[in-house]
Amino acid sequence: MPLCEPPFDDEIEPAVWATAHQLAFDWPAPSSPARPSAPPSAPRSPGPPAVVSGASPEAKLAVNRFVRMCVEVLNGHRPPAHLRHLSRPEEAAGVVAQGLAAARRVSDVRKAAVKPGRRPTRRVSPVAVIRLRLCEPRPGAVEAAVALVAGDRTWALALRLELHQQAWSATILRLI
């Protein structure tokens, strides 16, 4: 067994390995400060809550699922109407319309690359994800920016998902 692996449950009792090689911290007692107290400063006004970059694992999974479906729509493997069931009912029509407009834009760029009257000499490269960045500005809402590539063209996809009735639903979709 390699030394970097933790022991299996049946090898050693947890009381033995759970405390082995632990650093001991000498925390000062709450009643006695560790250093002299600092002079009182001006009272701070409460600011807006800090936005933590990144997102919860559930939000990441929902964004990955939605982006995968968007890429399939852009590549022509799915109709844009398939985005409807991953969208919030109030915003579903807008999300589907944006998916349709994005698929048409990508298709128009691909058609423009082929000269009229000629057959394409090579297979059209599919839309692929280069980078995905997301953040959760508040619990229950996640925003993502996706960099896409199709041939020699780069696109950006912006989207927002919100948690409604225990399901992540798209509210905004834009291809830039």
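Side chains are part of it too, since the values below use all heavy atoms of this structure and drop only hydrogens, waters and symmetry mates.
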Checklist line | Flag side-chain contact, heavy atom, 4.5 Å: Leu86 against Met69 | finding: yes
Margin query: List the residues meeting side-chain hydrogen bond (donor to acceptor under 3.5 Å, both in side chains) with Glu90, not counting sequence neighbours, and say none if there are none.
Written below: Arg88
Notebook entry, point to check: With a 4.5 Å heavy-atom cut-off, do Leu173 and Val96 have their side chains touching?
Noted result: no
Next item on the list: Would you please name every residue forming a side-chain hydrogen bond (donor to acceptor under 3.5 Å, both in side chains) with Glu143, sequence neighbours left out?
Entry: Arg160
Checklist line | Side chain proximity check, Arg104 to Leu100, heavy atoms < 4.5 angstrom | finding: yes
Notebook entry, point to check: Donor-acceptor pair, Glu162 side chain versus Gly140 backbone, under 3.5 Å?
Noted result: no
Check: Residues two or more places apart in sequence or in another chain: which of them pass salt bridge (Lys or Arg N to Asp or Glu O under 4.0 Å) with Arg110?
Finding: none
Check: Who are the side chain to side chain contact (heavy atoms under 4.5 Å, CB included) partners of Ala102, not counting sequence neighbours?
Finding: Leu74, Leu175
Check: Quick one: does Arg174's side chain get under 4.5 Å of Leu159's, heavy atoms only?
Finding: no
Item checked: Residues forming a side chain to side chain contact (heavy atoms under 4.5 Å, CB included) with Ala170, sequence neighbours excluded -> Phe66, Ser87, Val95, Leu161
Item checked: Main-chain N/O of Val127 paired to Asn75 side chain as donor or acceptor, under 3.5 Å -> yes
Check: From Arg65 CZ over to Trp168 CH2, what is the distance, rounded to the nearest 0.5 angstrom?
Finding: 13.5 Å
Check: Has Asp108 got more than 12 heavy atoms of other residues, nucleotides or ligands less than 6.0 Å from its CG?
Finding: yes
Next item on the list: Treat each ILVMFWY residue as a node, draw an edge where side-chain heavy atoms are under 4.5 Å apart, and state whether Val109 and Val73 are in one component.
Entry: yes
Notebook entry, point to check: Any side-chain heavy-atom pair from Trp155 and Val106 closer than 4.5 angstrom?
Noted result: yes
Notebook entry, point to check: Minimum heavy-atom separation for Ala59 to Glu136, with atom names?
Noted result: CB-OE1, 4.2 Å
Notebook entry, point to check: Among all residues two or more places apart in sequence or in another chain, which pass the salt bridge (Lys or Arg N to Asp or Glu O under 4.0 Å) test with Arg78?
Noted result: Glu72
Checklist line | Nearest-0.5 Å distance that lies between atom CG in Leu148 and atom SG in Cys70 | finding: 9.0 Å
Check: Which value, rounded to the nearest 0.5 Å, describes the distance between Ser169 atom OG and Arg84 atom CZ?
Finding: 13.0 Å
